[in-house]
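Chain letters run A, B, ... following the sequence lines, proteins first and then strands; every chain starts at 1.
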Amino acid sequence: MKWVYISDIAQHLDEEIIIKGWLYNKRSSGRIHFLLIRDGTGIIQGIMEEKEISPETFALYNDLTQESSLIVQGKARADKRAPGGYELYLTDLIPVHIAQEYPIALKEHGTAFLMEHRHLWLRSSRQHAILSIRSEIIKALRDFFDERGFILLDTPILTPAACEGTTTLFETEYFDSGKAYLSQSGQLYAEAGAMAFGKVYCFGPTFRAEKSKTRRHLTEFWMLEPEIAYADLDYIMAFSEEMLQYLVECILTKKGKELEALDRDLAPLKKINSPFPRLSYDEAIKYLQQQGSKIEWGEDFGGDEETILSTIYDQPIIIHRYPRQCKAFYMKGDPEAEGRVLNMDILAPEGYGEIIGGSQREDHLERLLEKIEQQNLPKEAFEWYIDLRRYGSVPHAGFGLGIERTVGWICGLKHVRETIPFPRMMERIYP
RNA sequence: UCCACGGUAGCUCAGUCGGCAGAGCGGGUGGCUGUUAACCACUUGGUCGGGGGUUCGAGUCCCUCCCGUGGAGCCA
């Protein structure tokens with residue numbers, strides 16, 4: 001007997017097949033039972049008629065609890081009455097495990113309760129849709145870089161020092177060498193990679209020990225960071241536009257059903273069309289002040305400012321050339337504007353805010369040393385990084401894309417915590 | 001860390017002026033040959049977050065601690 005996944009059911013109509021899965025829900029009107037069976041690829045309604053099956057098997061219905069695992073045999077047919085469009089007329093059913101009383105009923109639950117049962121919550125159709133879109137987003141992005149000849153460069157997670165002195169780091173003991181820190185960015189190592197391979201990207205988890213409690217923060221999140229030798233700020237702005245355009249088109253093509261299941265309004269995504277509007281930091285400040293914001297020149301944008309800026313246009317918006325004082329030491333100064341750096345942030349539309357932050361890097365040895373000194377960073381820990389400016393330094397640039405925020409935007413979610421299987425937040429490390 | 005709100009049955013919540021602890025869902029039993037978060041009947045289910053106080057009497061008022069949710073700051 002052939003084992004078939006529910007997603008492939010259309011190719012096996014009227015064949016006797018086997019499906020292995022779990023009981024999502026059941027209903028009965030006495031002589032006919034309805035079993036909603038899921039197998040991770042979809043849901044199908046199983047029909048159990050008293051006259052078509054042995055009395056012992058028919059009676060098993062009473063023992064089957066929500067999320068019990070089972071193997072069923074039957075013939076599939078298309079039927080408009082069935083959720084999912086297909087039904088399986090059961091000829092046999094073997095319970096694999098009768099589940100204990102399942103904590104998550106098919107009713108409303110609070111976020112705290114669901115997060116406490118995240119390992120089970122993943123089985124629900126909504127989480128299934130979000131995480132399969134996440135998987136496709138990562139695949140699309142990796143395809144984008146691989147097709148353009150980038151090398152995937154895995155950067156270390158345990159590091160000897162901070163990449164950006166400002167943020168708080170998770171600390172751990174490292175044998176007899178003292179402290180090690182969990183990486184908050186792979187960028188510095190990616191720069192070494194770019195000098196070796198020309199164009200590279202890293203993709204991995206990053207860690208921020210900030211006590212952030214907002215809808216767009218996690219303590220552990222995944223970041224994709226390309227780094228390109230001989231690229232300047234204009235190059236990476238155009239490049240990231242191309243990347244986002246590619247990504248959105250790809251997800252619309254391949255994940256329409258899942259987006260629909262999430263009630264995502266597709267119109268704003270279909271409108272995405274590069275090049276995106278660009279605003280310098282100075283222009284953005286001027287605009288915000290006209291809108292009544294109290295922000296002063298030199299301050300970084302807060303959540304409210306980001307929301308205002310990301311709703312001006314129905315496109316992602318690029319803000320570039322921020323003041324030096326609110327940005328990291330490795331960013332190159334703008335030769336044409338005193339006090340500004342050659343950086344850019346991309347804010348997703350519909351109020352989603354920052355999903356990309358990038359810059360042209362300081363490639364001049366003396367100026368980099370000055371900045372390290374000014375910011376009181378431990379020079380010894382950065383010697384290897386400084387070496388990159390001693391041996392064939394070139395202009396180069398790169399950016400980081402936050403995966404969870406990107407998934408949140410594309411799925412139209414209010415909070416990033418559902419965009420990763422097991423979110424790590426200030427108040428949550430279980431499960 | 002700060003501000004606001006919340007914690008009552010397994011879950012989601014109601015509980016009036018301080019006066020017998022409630023509903024829906026889930027669980028259990030029975031019924032129903034096309035159900036769509038099925039439905040109908042019956043039934044089960046409580047350390048009212050912990051501690052202290054006021055009171056004849058506290059889920060309800062006061063103090064305190066714990067936990068959670070939303071937001072701020074910081075950032076992707």
Side-chain angles (χ1 to χ4, degrees), chain A residues 24-36 43 45-52 58 61-63 65-67 79-85 87 89 99-117 120-121 124-126 163-164 166-169 184-187 205-225 240 299-307 326-328 344-348 352-358 399-409 414-417 419-420 425-428 430:
Chain A
Y24 188 73
N25 196 11
K26 66 174 187 179
R27 298 180 271 270
S28 171
S29 51
R31 298 268 145 63
I32 179 165
H33 301 320
F34 301 90
L35 306 173
L36 282 171
I43 290 187
Q45 174 160 280
I47 306 294
M48 215 190 214
E49 285 180 284
E50 190 175 32
K51 60 183 182 195
E52 304 290 340
F58 190 76
Y61 173 87
N62 298 312
D63 302 332
T65 50
Q66 188 188 354
E67 287 302 320
D79 193 313
K80 281 179 191 156
R81 291 172 295 185
E87 290 185 332
Y89 285 79
Q100 297 178 23
E101 193 183 321
Y102 194 63
I104 303 179
L106 296 169
K107 291 279 172 185
E108 273 180 44
H109 294 279
T111 314
F113 174 82
L114 289 169
M115 275 301 167
E116 196 68 17
H117 297 84
L120 303 176
W121 190 18
S124 75
S125 52
R126 179 183 160 82
C163 294
E164 321 188 13
T166 51
T167 42
T168 327
L169 295 163
Q184 53 184 181
S185 165
Q187 181 206 312
T206 52
F207 307 87
R208 305 277 164 98
E210 285 150 2
K211 296 195 168 180
S212 297
K213 270 194 71 171
T214 81
R215 69 183 68 192
R216 33 187 156 203
H217 286 88
L218 297 169
T219 52
E220 179 181 312
F221 65 98
W222 287 66
M223 194 152 62
L224 190 143
E225 297 173 282
S240 49
E299 290 171 356
D300 209 345
F301 303 122
D304 289 345
E305 286 84 25
E306 268 191 21
T307 306
C326 54
K327 288 293 164 183
M344 60 104 181
D345 284 353
I346 301 186
L347 312 185
Y352 276 92
E354 186 174 358
I355 53 169
I356 284 179
F399 60 87
L401 169 111
I403 289 294
E404 287 74 18
R405 287 186 183 177
T406 304
V407 176
W409 163 49
K414 288 192 193 110
H415 201 298
V416 291
R417 66 188 155 207
T419 64
I420 185 167
M425 291 173 292
M426 188 180 140
E427 307 283 2
R428 174 160 305 282
Y430 178 91

Item to complete: Compare the minimum distances between each of B:C32, B:C11, B:G70 and the side chain of A:H109, then state the nucleotide with the smallest one.
Response: B:C11
Response to the item:
Against the side chain of A:I32, the closest entry in B:C74, B:U33, B:G71 is B:U33
Response to the item:
Between A:M223 and A:F113, whichever has its closest RNA chain B nucleotide further toward 5' is A:F113
Worksheet item: Given that A:V416 and A:Q45 both sit by RNA chain B, which one's nearest nucleotide is further toward the 5' end?
Response: A:Q45
Is the base of [N] touched by the side chain of [X] through a donor-acceptor pair closer than 3.5 angstrom?
{"X": "A:K213", "N": "B:U69", "answer": "yes"}
{"X": "A:R216", "N": "B:C74", "answer": "no"}
{"X": "A:R27", "N": "B:U35", "answer": "yes"}

[N] versus [M] - spacing of their [atom1] atoms, nearest Å:
{"N": "B:C5", "M": "B:C62", "atom1": "P", "value": "13 Å"}
{"N": "B:G59", "M": "B:A9", "atom1": "C1'", "value": "14 Å"}
{"N": "B:G46", "M": "B:G6", "atom1": "P", "value": "27 Å"}
{"N": "B:G10", "M": "B:C48", "atom1": "P", "value": "12 Å"}
{"N": "B:G51", "M": "B:C67", "atom1": "C1'", "value": "15 Å"}
{"N": "B:G52", "M": "B:G15", "atom1": "C1'", "value": "25 Å"}
{"N": "B:G45", "M": "B:C40", "atom1": "P", "value": "23 Å"}
{"N": "B:G18", "M": "B:A58", "atom1": "P", "value": "14 Å"}

Worksheet item: Quick one: does A:T219's side chain get under 4.5 Å of A:R208's, heavy atoms only?
Response: no
Discussion item. Can a donor-acceptor pair be found, under 3.5 Å and without considering hydrogens, that links the side chain of A:R405 to the backbone of A:E354?
Written reply: yes
Worksheet item: Between the main-chain N or O of A:G186 and the side-chain N or O of A:E225, is there a donor-acceptor pair closer than 3.5 Å?
Response: yes
Worksheet item: Given B:G70, is OP1 or OP2 found less than 4.0 Å from the side-chain N or O atoms of A:R417?
Response: yes
Discussion item. Please name the nucleotide paired to B:G73 by Watson-Crick or G-U wobble geometry with both distances under 3.5 Å, or report none.
Written reply: none
